[in-house]
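Structure, as structure tokens:
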Amino acid sequence: MSDAPKYLLHSYGCQMNKLDSELVESKLNERGYVPAEGEADADVVLLNTCSVRQHAEDRVWSRLGVLRKSKRANPGLVVGVIGCMAEEHKRYLRARMPHVDLVVGPSAFGDIDDKVEELRAKNRALLKPEVDPTRGLGEEGVVLSGHGVSGDTIKRNVRVRPHRSQAFVSVMRGCNMPCAYCIVPTTRGKEISRPIADIVEEAQRLCDDGVTEITLLGQTVNAYGRDLGKGVTLAALLRALHEIPSLRRLAFITSHPNFLSPELIDALAELPKIARYLHLPAQSGSDAVLKRMRRGYTYDRYVRRAEQLWDKAPDIELQSDWIVGFPGETDEEFRRTIDLMERIEFSQSYVFKYSPRPATLSADEMVDDVPDPVKAERNQVLLALQEKHTKKKHDALLGSTQEILVTGDSKVAGRMSGRTWHHRIVHFDSTDQSLIGQYLPVRIDEALGHSLVGTVLAYDAAETPA
Ligand code: 5AD
Ligand code: SF4
């Protein structure tokens with residue numbers, strides 16, 4: 001066994017958080033740290049946390065409770081809370097959880113490996129029988145936070161990544177939107193876009209190392225570039241990335257309905273490497289609720305945008321997020337959400353029960369007055385409706401041929417999975433690991449609730465996107 005220090009990194013929350021975790025991991029790996037098998041053999045446990053709903057936070061608080069015991073058993077252990085909760089609770093997190101050594105907000109990951117090293121040394125110095133490890137480092141713990149600080153971005157080591165052919169690339173951080181319910185502007189700060197040249201350079205390095213599918217990440221990814229001046233837009237970025245010869249598929253999440261510009265629609269219509277789905281959260285179908293949410297559009301405007309999109313790119317499917325039980329949401333208002341769902345027929349929906357977040361407009365100035373059972377029921381109604389739409393779309397695909405990028409083993413033994421250009425999951429019978437990363441045509445044989453089952457038609461990757 002090697003003496004290399006071992007770390008465990010748990011990730012919660014959105015894709016942006018998962019990518020941040022990858023970057024933190026790559027920093028630790030470069031420092032000589034290796035992944036631990038479990039908590040028992042870890043020298044460092046980091047939780048990369050999410051604040052978007054109370055439920056996500058509760059999971060972290062309870063995990064931290066368990067880690068208190070681990071720390072008692074292994075006083076040299078370094079415990080870190082990083083990401084959105086670190087930013088949100090930076091002032092009192094270590095008072096509430098004294099066994100936490102390190103608190104690092106999502107804009108301050110730059111020298112996290114140095115801090116982990118420092119703390120390991122300090123903790124080892126505390127390894128004396130008379131010291132109660134659960135009391136932690138007191139003043140000596142480390143809290144890093146703030147936005148736009150130097151060390152904000154980590155120069156990416158493209159070789160450290162979980163998938164050989166797929167990668168996420170962050171194009172901007174933060175969010176400038178005024179959504180009444182959302183904590184993200186507090187935890188992640190104002191929008192900061194990366195220059196196109198930097199993104200293209202990173203993407204090129206990823207593609208040189210075998211990546212063929214890139215998903216661009218931003219909280220409002222289609223607002224990309226507005227802090228960088230004229231001509232710097234998501235459409236321009238997509239066109240630049242499209243030039244990378246070995247890149248085959250390009251997607252981006254998450255889009256805001258207000259920034260679905262004609263220029264972006266043209267890019268979606270013209271560029272053959274762009275995946276055929278758009279994550280375009282509507283949140284609600286009621287104009288009154290949308291207004292209380294400060295979303296800046298109406299039911300009609302959302303539908304108009306979708307129609308403009310389909311006018312030029314009819315094969316693009318829309319995915320949405322929905323919040324049910326926003327303050328004051330009446331049955332009538334909720335029915336408008338059902339209407340909008342029926343009208344658009346989304347390919348996928350994520351449905352959330354409203355959860356008041358500290359220091360947001362809706363938590364401060366509105367009453368969380370929709371009872372939980374009503375939220376739960378509305379949640380079920382939307383999920384059932386989405387399932388119906390998904391089933392309908394899946395049934396329509398039966399017998400068709402779809403090109404998938406093979407991503408790995410499926411949960412069912414003897415099967416593997418891939419993703420279509422519409423981001424649908426297709427399972428097929430095989431255990432041939434050499435297929436991972438290939439683009440294969442499959443015939444769709446069976447429609448399941450959340451995925452499809454198909455048969456691979458040929459092993460030679462098709463040359464052009466479907
Ligand atoms: N309560 C419930 N859901 C929320 N979301 C964001 N903030 C809240 C909140 N306070 C949802 C939105 C967003 C998704 C990432 O999380 O639907 O699109
Ligand atoms: Fe959660 Fe939002 Fe932070 Fe992502 S940006 S981890 S969704 S709070």
Side-chain angles (χ1 to χ4, degrees), residues 10-24 47-60 81-89 104-109 145 147 168 170 172-192 217-222 253-258 278-285 289-290 292-295 302 318-327 329 337 340-341 346 348-366 368 370 372 375-376 378-379 382-383 386:
H10 293 290
S11 253
Y12 302 80
C14 61
Q15 294 300 347
M16 189 73 87
N17 239 29
K18 304 235 155 77
L19 177 58
D20 282 344
S21 291
E22 264 180 57
L23 301 184
V24 169
L47 306 183
N48 191 9
T49 58
C50 172
S51 307
V52 80
R53 283 170 292 277
Q54 188 59 42
H55 176 68
E57 295 208 356
D58 290 343
R59 287 168 60 207
V60 169
V81 175
I82 66 176
C84 289
M85 273 177 78
E87 189 62 40
E88 184 196 352
H89 299 292
V104 185
S107 306
F109 288 151
S145 75
H147 300 299
F168 290 107
S170 157
M172 62 198 294
R173 303 186 69 89
C175 181
N176 287 4
M177 302 309 285
C179 304
Y181 49 80
C182 192
I183 197 167
V184 173
T186 318
T187 59
R188 289 192 172 255
K190 289 268 172 228
E191 279 170 22
I192 305 175
L217 298 182
Q219 238 70 46
T220 46
V221 70
N222 56 336
I253 50 177
T254 289
S255 295
H256 191 290
N258 285 358
L278 210 55
H279 187 61
L280 194 72
Q283 311 293 1
S284 167
V289 173
L290 287 167
R292 294 203 290 283
M293 287 179 168
R294 308 283 196 277
R295 285 292 285 176
Y302 187 96
L318 296 182
Q319 307 174 345
S320 184
D321 294 349
W322 307 94
I323 296 176
V324 293
F326 189 75
E329 186 186 60
T337 295
L340 184 57
M341 242 178 148
F346 294 87
Q348 204 178 342
S349 282
Y350 300 90
V351 186
F352 305 106
K353 292 186 280 182
Y354 171 69
S355 163
R357 309 308 300 131
T360 56
L361 187 76
S362 61
D364 288 348
E365 294 182 13
M366 301 173 200
D368 180 18
V370 179
D372 205 57
K375 286 181 185 168
R378 290 178 184 169
N379 192 36
L382 294 193
L383 289 177
Q386 180 57 55

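Below, each value reflects all heavy atoms present in this structure, side chains not excepted, and no hydrogens, waters or symmetry copies. Just follow the structure's listing: the first ligand is 1, and inside any ligand the first atom is 1.
Take a cut-off of 2.8 Å around atom 3 (Fe) of ligand 2: the protein N, O or S atoms inside it are C84 SG.
Scanning both residues, K353 and R53, for their nearest heavy atoms gives O-CD, 4.3 Å. Of all heavy-atom pairs spanning G285 and T337, the tightest one is N-OG1, 3.0 Å. The shortest heavy-atom contact between V184 and C175 is CG1-CB, 4.3 Å. Minimum interatomic distance between N17 and S11 (heavy atoms only, all atoms of both residues): O-OG, 4.0 Å. The two residues P178 and R294 make their nearest non-hydrogen contact at O-CB, 3.5 Å. Residues W322 and M341 share a closest heavy-atom pair of CZ2-CG, 3.6 Å.
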What's the verdict on side-chain contact (heavy atoms from CB on, under 4.5 Å) for L217 and K18, showing C-alpha distance, side-chain angles and the deciding distance? CA-CA 11 Å; L217 298 182; K18 304 235 155 77; over 6 Å; no
Between C182 and M177, is the side-chain contact (heavy atoms from CB on, under 4.5 Å) condition met? List the steps. CA-CA 9 Å; C182 192; M177 302 309 285; over 6 Å; no
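Residue W322 places no N or O, backbone or side chain, under 3.5 Å from any N or O of ligand 1. Looking at Y354 next to ligand 1, no N or O pair under 3.5 Å apart turns up.
Protein heavy atom closest to atom 2 (C) of ligand 1, with residue, atom name and distance, is K353 O, 3.3 Å. In this structure, atom 7 (N) of ligand 1 lies nearest to the protein heavy atom Y181 CD1, 3.3 Å. Summary of contacts: the protein heavy atom closest to atom 10 (N) of ligand 1 is S355 O, 2.7 Å. Among protein heavy atoms, the minimum distance from atom 5 (N) of ligand 1 is reached at R53 NH1, 3.5 Å.
Not counting sequence neighbours, the partners of F326 by the ring-ring contact (aromatic ring centres under 6.0 Å, His included) test are Y354.
Set against the non-hydrogen atoms of R357, the atoms of ligand 1 under 4.0 Å away are 10 (N). Atoms of ligand 1 lying under 4.0 Å from any heavy atom of D321, numbered from 1 in the order shown and given with element: 13 (C), 14 (C), 15 (C), 17 (O), 18 (O).
Aromatic ring pairs are classed by plane angle as parallel below 30°, tilted from 30° to 60° and perpendicular above 60°; the pair H10 and Y12 is tilted.
Distances shorter than 4.0 angstrom occur between a heavy atom of Q219 and an atom of ligand 2.
Of the heavy atoms in F352, only side-chain atoms (C-beta onward) come closer than 4.0 Å to ligand 1. For Q283, every heavy-atom contact with ligand 1 shorter than 4.0 Å involves the side chain, none the backbone. Proximity of V52 to ligand 1, defined as any heavy-atom pair under 4.0 Å, is shared by backbone and side chain alike.
Using a distance-only test at 3.5 Å, with no hydrogens or angles considered, a donor-acceptor pair links the side chain of R357 to the main chain of S51.
At a threshold of 4.5 Å between non-hydrogen side-chain atoms, the residues T220 and M172 count as touching.
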